[in-house]
Amino acid sequence: MVSARQVNPWYRENRRDLPWRRPGFPAWGTLVSEFMLQQTQVSRVLPRLEEWLRRWPTPADLAATPPGEAVRAWDRLGYPRRALALHSAAVAIAEQHDGKVPADVDALLALPGIGQYTARAIAVFAYGLRHPVVDTNVRRVIARAVEGQGLAGPAATARDLAAMDALLPAENDEAAVFNAGMMELGAIVCTARNPKCDACPLADVCRWRALGYPAYAGPRAPRQQRYVGSDREARGRILAVLRGSEVPVSEEALVEAVTEPDRRSRILEGLLKDGLAALTDDGYALP
DNA sequence: TAGACGTGGCT
DNA sequence: TAGCCAAGTCT
């Protein structure tokens, strides 16, 4: 049986020293880090996070700057709409929550860019509340150790949350450690490829191991489109030009970034629609 | 609910 | 090295 009895001591002994795990780290810092960590590796987040929190130490600080500055400071973290959502969340927190990051999951879910994972991560890691937190790491650990499957397959949020809830210790602090521990286990031991079962605190109870590591035969998440040569890549090049300019950029100045006129206008259209760019009298600019 | 949405690390 | 994968969210 997978339980905090194995996971929590392992976590306390083996956890990485990360900024958001330091005592006294503010809830706002947890929120910013969770936005940045969505689909993005820890190593890439670390430098950006430090810079953001130095520049915008509170939600009100970020809310007081133009959203374009958030997009610029997001740099090359990827999924730049997260920068926009984070800025909007800061505005909502400043205006509707007296500048304080809410602890309530439903209040967090109402903020832009915050879904089931991020809302619970903030409530649990910033405020010590008792909720199941399920990310891709937790899903994989449960799939293997509990269900005996090699991989987790496509997410099924309600089912995944229920599965984690069933394992959660009763006491708040232990539940928070268990959540962090399951994530950490998936991140550094029970990895997607080459899991380090010799170093796993769940080895004795792991169903996948007991079954002899059967190959995963269930449904796979749909494969991502090829990035090289895609509109997404071209969109990134255009946004990079806008980020690099303090003044509006004419469409002619974007020809080098995207040569084909049809594709260029399609991408520009999309950036305007998403609010990542604004059209001024002098050309395109960050919002 | 399947597909769109960035960018880089790793094998 | 081409392809998988990454502390997801939104529509």
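Throughout, protein chains are lettered first and strands after them, A, B, ... in sequence-line order, and every chain is numbered starting at 1.
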Please work out if [X] contacts a base, only the sugar-phosphate, or nothing of the nucleic acid, heavy-atom cut-off 4.0 Å.
| X | result |
| --- | --- |
| Q116(A) | sugar-phosphate |
| L18(A) | base |
| R76(A) | sugar-phosphate |
| L77(A) | base |
| R226(A) | sugar-phosphate |
| P154(A) | nothing |
| R21(A) | base |
| R237(A) | nothing |
| R44(A) | base |
| T40(A) | base |
| R16(A) | base |
| W20(A) | base |
| G78(A) | base |
| T191(A) | nothing |

On DNA chain C, compare the nucleotides closest to R140(A) and L111(A); which residue's is nearer the 5' end?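 It is R140(A) whose nearest nucleotide is closer to the 5' end.
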
Select one nucleotide: of dA7(C), dG6(B), dC4(C), the one nearest the side-chain heavy atoms of Y117(A).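 The answer is dA7(C), which lies nearest to the side chain.
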
Between dG9(B), dC5(B), dG8(C), which nucleotide gets closest to the side-chain atoms of Q38(A)?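 Side chain of Q38(A) sits closest to dG8(C).
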
Going by the rule ring pair (Phe, Tyr, Trp, His ring centres under 6.0 Å), which residues pair with W52(A) if we only count those two or more places apart in sequence or in a different chain?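 Ring pair (Phe, Tyr, Trp, His ring centres under 6.0 Å) check on W52(A) returns W56(A), W74(A).
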
Starting at atom [atom1] of [X], determine the distance to atom [atom2] of [N], rounded to an integer number of angstrom.
| X | N | atom1 | atom2 | result |
| --- | --- | --- | --- | --- |
| F35(A) | dA6(C) | CZ | C1' | 18 Å |
| D274(A) | dT9(C) | CG | C1' | 13 Å |
| Q225(A) | dA2(B) | CD | P | 15 Å |

Can a side chain N or O of T136(A) be found less than 4.0 Å away from OP1 or OP2 on dA7(C)?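 Result: no.
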
Check whether any side-chain N or O of Q41(A) sits under 4.0 Å from OP1 or OP2 of dA6(C), and answer yes or no.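 Result: no.
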
On a plain distance test, is the side chain of R193(A) in donor-acceptor contact with the base of dC5(C) below 3.5 Å?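 Flag unset: no donor-acceptor pair detected.
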
Validation row: H87(A), E69(A) side chains within 4.5 angstrom (heavy atoms):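 The answer is no, as the side chains (C-beta and beyond) never meet within the 4.5 Å cut-off.
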
